[in-house]
Number of protein chains: 2
Amino acid sequence: MTNKPIPDIVIGRLPQYLRSIQRMAREGRQVTSSQELGERLGISAAQIRKDLSQFGEFGKQGTGYNIAFLIEKLRKILNIDHDWDVVVVGCGGIGSAVVRYRGFTNRGFNVRMVFDADPQKVGEKIGEFVIQDYTNMVDTIRDAGIKVAMLAVPDASAQEVTNKLVEAGIRAILNYAPISLTVPAGVHLQYIDPSIHLQRMTYYLD
Amino acid sequence: MTNKPIPDIVIGRLPQYLRSIQRMAREGRQVTSSQELGERLGISAAQIRKDLSQFGEFGKQGTGYNIAFLIEKLRKILNIDHDWDVVVVGCGGIGSAVVRYRGFTNRGFNVRMVFDADPQKVGEKIGEFVIQDYTNMVDTIRDAGIKVAMLAVPDASAQEVTNKLVEAGIRAILNYAPISLTVPAGVHLQYIDPSIHLQRMTYYLD
DNA sequence: TAGATTGTTAATCGATTAACAATC
DNA sequence: TAGATTGTTAATCGATTAACAATC
């Protein structure tokens with residue numbers, strides 16, 4: 001009996017579920033239902049129940065899901081029951097904004113160090129962080145055991161920096177450069193490119 | 001004979017195709033194939049051919065796709081053969097970075113105006129833009145005929161500001177606030193939430 | 001011509017939904 | 001108990017892939 005892996009498309013919905021129920025928790029709510037959650041997210045109730053049931057029986061017939069309990073479960077599933085240290089590479093406009101961003105709190109991530117290739121910037125501070133020298137990046141990341149990186153460098157250097165991150169032991173990269181990157185198997189990659197999101201919407205406009 | 005709408009999942013891949021071939025064009029390339037494009041993007045060649053064939057016959061047997069021609073076609077399909085004016089609302093860290101971002105050039109978008117609700121910020125400049133008073137936002141956007149918005153306000157005001165944008169005639173919103181929004185039918189919505197992308201990767205980490 | 005690559009069809013694969021017994 | 005909602009199954013729906021004739 002071989003356990004089938006959970007489809008990635010299901011994994012992709014779990015963080016949305018988590019974000020919504022964390023919000024409900026902040027609103028003081030105790031329980032929710034697949035129907036309510038579905039309405040908030042524009043996803044069918046059946047889909048939510050099916051997704052969650054892949055990981056266990058988290059609800060109660062008649063009453064729904066206990067919010068605090070479901071948050072705990074989802075955090076475990078997503079491996080964010082403990083925070084991940086994160087490195088930010090590139091301190092231009094986007095990189096600096098990401099370093100200062102308050103939105104990682106309670107979501108499983110903690111920016112720990114910041115690098116830039118520009119010698120002019122090295123030593124400057126962004127918030128509480130001193131920008132570190134790119135020359136020492138690989139060793140510094142490896143020594144700190146950091147596995148998660150956010151990449152906000154110019155397009156032209158994105159692949160080269162990515163290679164260094166992989167060399168440093170990074171296992172997950174969130175890439176803000178609007179360019180396709182190549183990574184070895186076992187290294188995970190996600191893209192944020194606002195133009196792509198916008199283009200996806202203009203298709204439907206007149 | 002009713003023309004079936006093109007699936008949204010296909011539309012979502014077109015901007016990726018476009019980004020890749022625009023890059024090839026910058027590299028001085030003249031033609032490409034579904035195979036090459038697929039390798040760059042991690043998508044099967046068959047899928048790319050199928051997607052493109054929904055809109056016409058853009059390739060030539062034996063030789064592949066002319067890059068300049070395909071760029072032109074994709075830009076037409078995605079409705080970005082002319083640029084869209086864009087409004088940015090919220091001038092915190094993310095909003096300011098988006099306003100300064102150079103990555104919209106040649107991708108179909110042009111930031112035209114910037115608003116913030118904080119009276120302290122109104123009148124300040126971000127790059128070439130003067131931050132405008134939120135009080136006049138609805139009329140100003142409507143008068144300018146702007147249809148595309150990027151939203152980078154605090155979570156607590158995101159829905160309220162969204163309602164104003166809809167009132168102002170905005171038809172596409174790219175939301176940076178980590179919160180689910182509700183919009184009427186016919187208004188398009190996309191989300192950028194870095195924590196969600198990161199959580200999607202940590203699932204696979206130890 | 002020989003080689004390459006498209007556009008398209010049919011087959012496969014996977015994801016979503018509807019429905020309902022179980023049960024809180 | 002009556003009402004509500006889960007977890008799960010089977011049916012439906014949709015997306016991807018394999019394969020190949022057409023043709024540059």
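Reminder, nothing fancy here: chain letters follow the sequence lines and each chain counts from 1.
- With sequence neighbours left out, the salt bridge (charged side-chain N to carboxylate O under 4.0 Å, His left out) criterion links B:Glu27 to B:Arg23, B:Arg40.
- Judged by distance alone, with hydrogens and angles left aside, the side-chain atoms of B:Arg112 form no donor-acceptor pair with the main-chain N or O of B:Val87 at under 3.5 Å.
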(request) Check step by step if side chain to side chain donor-acceptor pair (under 3.5 Å) holds for B:Tyr204 and A:Asp8. (result) CA-CA 10 Å; B:Tyr204 297 99; A:Asp8 184 64; 2.5 Å; yes

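- Near DNA chain D, meaning a heavy atom under 4.0 Å from it, residues 20-47 of chain A has A:Ser33, A:Ser34 in order of number.
- On the nucleic acid side, DNA chain C has its first and last nucleotide under 4.0 Å of a heavy atom of chain B at C:dA4 to C:dT9, going 5' to 3'.
- Residues of residues 54-70 of chain B that place a heavy atom closer than 4.0 Å to DNA chain D, in numerical order, are B:Lys60, B:Gln61, B:Gly62.
- The salt bridge (Lys or Arg N to Asp or Glu O under 4.0 Å) contacts involving residues 142-154 of chain B comprise B:Asp139-B:Arg142, where partners must be two or more places apart or lie in separate chains.
- The shortest heavy-atom contact between A:Val166 and A:Val183 is CG2-CG1, 4.4 Å.
- A donor-acceptor distance shorter than 3.5 angstrom exists from the side chain of A:Ser53 to the backbone of A:Lys50, with no hydrogens or angles considered.
- Annotation: side chain of B:Gln22 is in contact with side chain of B:Arg75 (closest heavy-atom distance under 4.5 Å).
- The side-chain heavy atoms of B:Tyr101 and A:Pro178, taken from C-beta on, include a pair separated by under 4.5 Å.
- No side-chain heavy atom of B:Phe104 sits less than 4.5 Å from a side-chain heavy atom of B:Val86.
- Counting heavy atoms from C-beta on, the side chains of A:Asn175 and A:Tyr191 come closer than 4.5 Å.
- Among all heavy-atom pairs drawn from B:Val153 and B:Ala158, the shortest one is CG2-CA, 3.6 Å.
- Nearest approach of B:Leu205 to A:Ala172, heavy atoms of both residues: CD1-CB, 4.1 Å.
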(message) Only Watson-Crick and G-U wobble pairs with both distances less than 3.5 Å should count. Give DNA chain C in dot-bracket notation, marking inter-strand partners with |.
(response) ..||||||||||||||||||||||

